[in-house]
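The analysis underlying the following values was restricted to heavy atoms, covering all of them including side chains, and did not include hydrogens, waters or symmetry mates. Convention: sequence-line order gives letters A, B, ...; per-chain numbering from 1.
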Number of protein chains: 2
Amino acid sequence: MKIGQATIKDIAKALNVSSSTVSRALKDYPGISDETKRKVKELADKWNYRPNAVALSLRKSKSFTIGVIIPEVVHFFFSTVISGIEEVAFMHGYNVILCQTNEKLKREISSVETIISNQIDGLLVSFSKETTNFDHFKRLIEQHYPVVFFDRIPNLENSVNITVNDYQGAFDATKHLISQGYKDILHLAGPRNLDISKNRMNGYMDALKEAEMPVKPHRIIECPEGVQEESFKICAKVFKEQDRPDAIFANNDMAAAGAMRGVKSLGLKIPEDVGVVGFSNWQFSSMVDPPLSTVSQPGFKIGERATQLLIEMIEQKGDEPFTPKLEILETELLIRGSSVR
Amino acid sequence: MKIGQATIKDIAKALNVSSSTVSRALKDYPGISDETKRKVKELADKWNYRPNAVALSLRKSKSFTIGVIIPEVVHFFFSTVISGIEEVAFMHGYNVILCQTNEKLKREISSVETIISNQIDGLLVSFSKETTNFDHFKRLIEQHYPVVFFDRIPNLENSVNITVNDYQGAFDATKHLISQGYKDILHLAGPRNLDISKNRMNGYMDALKEAEMPVKPHRIIECPEGVQEESFKICAKVFKEQDRPDAIFANNDMAAAGAMRGVKSLGLKIPEDVGVVGFSNWQFSSMVDPPLSTVSQPGFKIGERATQLLIEMIEQKGDEPFTPKLEILETELLIRGSSVR
DNA sequence: TTGTAAGCGTTATCAC
DNA sequence: GTGATAACGCTTACAA
């Protein structure tokens, strides 16, 4: 929508000069008389002139806008990331276009289309759980379009990535459970196609190995959804058996919360009978009973850093491909009541 | 950034026709031979042609983009609203530009500038806590620019607003506690200067009056912060006394959660000894022990409805001012374990 | 010191 | 059926 805004033409007409003169005067180009500059600026000010960013975009093939493709906004971790993105983008004069995929591949592809159509300068991506084929992103990268993947990162040639050290976080969490004397730790794993799930599982397994404890395949159960009900049911069943685990390391806090309910529904006590550690430090995790130990991810920092990287790429003029990159931020183990006995 | 995309011109040149022909062929205009249409579409498809949205914006003074000005993304309620906004915007083919103000007026004003510069079609606003002067919005409304205020709504002539029935929500919550046989209900109130706090307190008081129960001033305690510690301390003290309340209606879930901890720390049982109801249905509220009864605000719906209203305004051609509006969405009382005995 | 004109990609309006 | 042209708002060679 065009809000009755003054254009350069309007100012030019009113002052009986050409638009180029106005354009130059406004930008303090050399070779414009002080008198003209003064008059132009005065009128521009009076009429509250604002350059039309769309015209500029068209002219310069640059929109000062970055796109963010994200699975879910209503997710403590992602909303924290968005906040970090917003901050850095704002500081550098960039706008942020938000595309929520709801974990749907179709929606993700359509978002990429939007990005292309809108001459967006660069893209920050955390792909959906459904995404196993990355052609829609590969095409962008091949054309030297600036893309930074964050958190959920693909295995793509020449891509720029930033994520958290999920492996180490999981390793630390598991080691902590072991140090508390838990002997049989169940892992509620995430969707298999996400690297983060694999890394967390590996951290879990390596911690067991380091402690010379057996890695039992039936103690690793996938929770693809990550919702409460899923892990509730699983745990309500698994912990009923005679040979039950005595601890849980969950791929995320929501699964951990469901697991806690499942365990409690059987009359087992946390942390006395069963220790629990989650992942992500969602807002609720300090409020469940007992407070949930968890691995906190630096969401805000990821958002900030990803955006910094992206803007560097955007502003690196030239046609050379970007140097591939993988930055890994460290997690922090937050020990609370659910895992200390 | 321009990604080596084909333009109408490119296609025209390759097929030895004019750009207008290509443009028309692509849109199935009447009066283009089927043969030409076929050839054009074929090549467009092969070259993966996508119309340049920026050029369209310039041409049509319409960007199919809406702006969202919001205090904080990392806030369960607001992120839910954003999610609703995203959904409806996407369905109608609109993009969403996100501007987070961090509760700063300066940032809010700067965001409005951005919106104007970028020919954004319309604006959704929940203003910052610092905002007491609304001139930057008033100017837009006077120019018949589409603006919808949500949740935090101003008292502005000719504005379109959508918010939640806080009064009724509080009334229902209190009435529910009464119906469960609780006789002495403490209200943990919000900051006195916010309308929502006042409305909720009024709902609480009117429910008591309706039941012919006394409204005792010392049973209304302000929790300006709304953080856990605050209400924890208050309740740990108030419920130690001989003449203690037997229920709590809190201005928000965070305060309710702290209150629950405070009550439990004295060995009192929830809901047997003390009933608790919160407000907002934060994500954690179903996960505390026992699950917290609460008044859910339809965040997603607010986002959806606000966006519907905005898009209607945008697409209502013509220059007449918009009809002022105030829509109030109803809350829903979610009865869970903390208040049923 | 200033003006003219072309061009970014698209479409509406004529004209043929 | 199709083409030429202008226009959206702005910048920038090139001319004057």
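- No cation-pi contact links B/K325 to B/F322, judged by a cut-off of 6.0 Å to the six-membered ring centre and 45° from its axis.
- A search for side chain to side chain contact (heavy atoms under 4.5 Å, CB included) contacts involving B/K106 returns nothing, not counting sequence neighbours.
- Within 4.0 Å (heavy atoms only), B/V17 reaches sugar-phosphate atoms of the nucleic acid but no base atom.
- If you take NZ of A/K9 and C1' of D/dT11, they are 13 Å apart, rounded to a whole angstrom.
- Rounded to an integer number of Å, the gap from B/L15 CG to D/dG3 P is 10 Å.
- In this entry the distance linking CD1 of A/I8 with P of C/dT2 reads 15 Å, nearest Å.
- One can place CG of B/N16 at 13 Å from P of D/dT2, the figure rounded to the nearest angstrom.
- Considering only residues two or more places apart in sequence or on other chains, B/S110 meets the side chain to side chain contact (heavy atoms under 4.5 Å, CB included) condition with A/F90.
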All N/O contacts under 3.5 Å from nucleotides 12-16 of chain C to the protein, with atom names and distances to one decimal?
residue, atom, partner, partner atom, Å
C/dA12, OP2, B/Y29, OH, 3.0
C/dT13, O4, B/R24, NH1, 3.4

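- Contacts classified as side chain to side chain donor-acceptor pair (under 3.5 Å) and involving residues 147-163 of chain B (residues at least two apart or in different chains) are given here: B/E103-B/R152, B/S159-B/N161.
- Partners of A/E72 under the side-chain hydrogen bond (donor to acceptor under 3.5 Å, both in side chains) rule, at least two apart in sequence or in another chain, do not exist in this structure.
- Here salt bridge (charged side-chain N to carboxylate O under 4.0 Å, His left out) pairs that include residues 136-145 of chain B, with residues two or more places apart or in two chains, are B/D135-B/K138.
- Residues passing the ring-ring contact (aromatic ring centres under 6.0 Å, His included) test with B/F77, sequence neighbours excluded: none.
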Check: residues 78-87 of chain A side-chain donor-acceptor pairs under 3.5 Å, at least two apart:
residue, atom, partner, partner atom, Å
A/S79, OG, A/H75, O, 3.3
A/S79, OG, A/F76, O, 3.0
A/T80, OG1, A/F76, O, 2.6
A/S83, OG, B/Q100, NE2, 3.2
A/E86, OE1, B/Q100, N, 3.4
A/E86, OE1, B/R107, NH2, 3.0
A/E87, OE1, B/N102, ND2, 3.4
A/E87, OE1, B/R107, NH1, 3.3
A/E87, OE2, B/Q100, NE2, 3.4
A/E87, OE2, B/N102, ND2, 2.7
A/E87, OE2, B/R107, NH1, 3.3
A/E87, OE2, B/R107, NH2, 3.2

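- With the end axes of the helix from C/dT1-D/dA16 to C/dC16-D/dG1 each set by five pairs, the angle from one to the other reads 60° at 10° resolution.
- For the contact set between residues 34-51 of chain A and DNA chain D, defined by any heavy atom under 4.0 Å, the members are A/Y49, A/P51.
- At whole-Å resolution of the value, CG in B/L56 and C1' in D/dA7 are 14 Å apart.
- Between B/L58 and B/S33, the residue anchored nearer the 5' end of DNA chain D, judged by the nucleotide with its closest heavy atom, is B/S33.
- As a whole-Å value, the separation of A/I32 CD1 from C/dG3 P is 8 Å.
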Side chains of residues 25-32 of chain A: which donor-acceptor partners sit under 3.5 Å, not counting sequence neighbours?
residue, atom, partner, partner atom, Å
A/D28, OD1, A/K41, NZ, 2.8
A/D28, OD2, A/K41, NZ, 3.1

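- By the 30° and 60° cut-offs, the orientation of the rings of B/F149 relative to B/F137 is perpendicular.
- The phosphate of D/dG3 (OP1 or OP2) has a side-chain N or O of B/S18 nearer than 4.0 angstrom.
- Separating the CG atom of A/N52 from the P atom of D/dA7 is a distance of 17 Å, rounded to the nearest angstrom.
- Residue pairs meeting the ring pair (Phe, Tyr, Trp, His ring centres under 6.0 Å) criterion with at least one member in residues 99-119 of chain B: none, sequence neighbours excluded.
- Side-chain contact annotation: B/N48 with B/R50, donor-acceptor N/O pair under 3.5 Å present.
- In terms of phosphate contacts, A/S23 brings a side-chain nitrogen or oxygen within less than 4.0 Å of OP1 or OP2 of D/dT11.
- Phosphate proximity of D/dC8 to B/S61: absent, as no side-chain N or O sits under 4.0 Å from OP1 or OP2.
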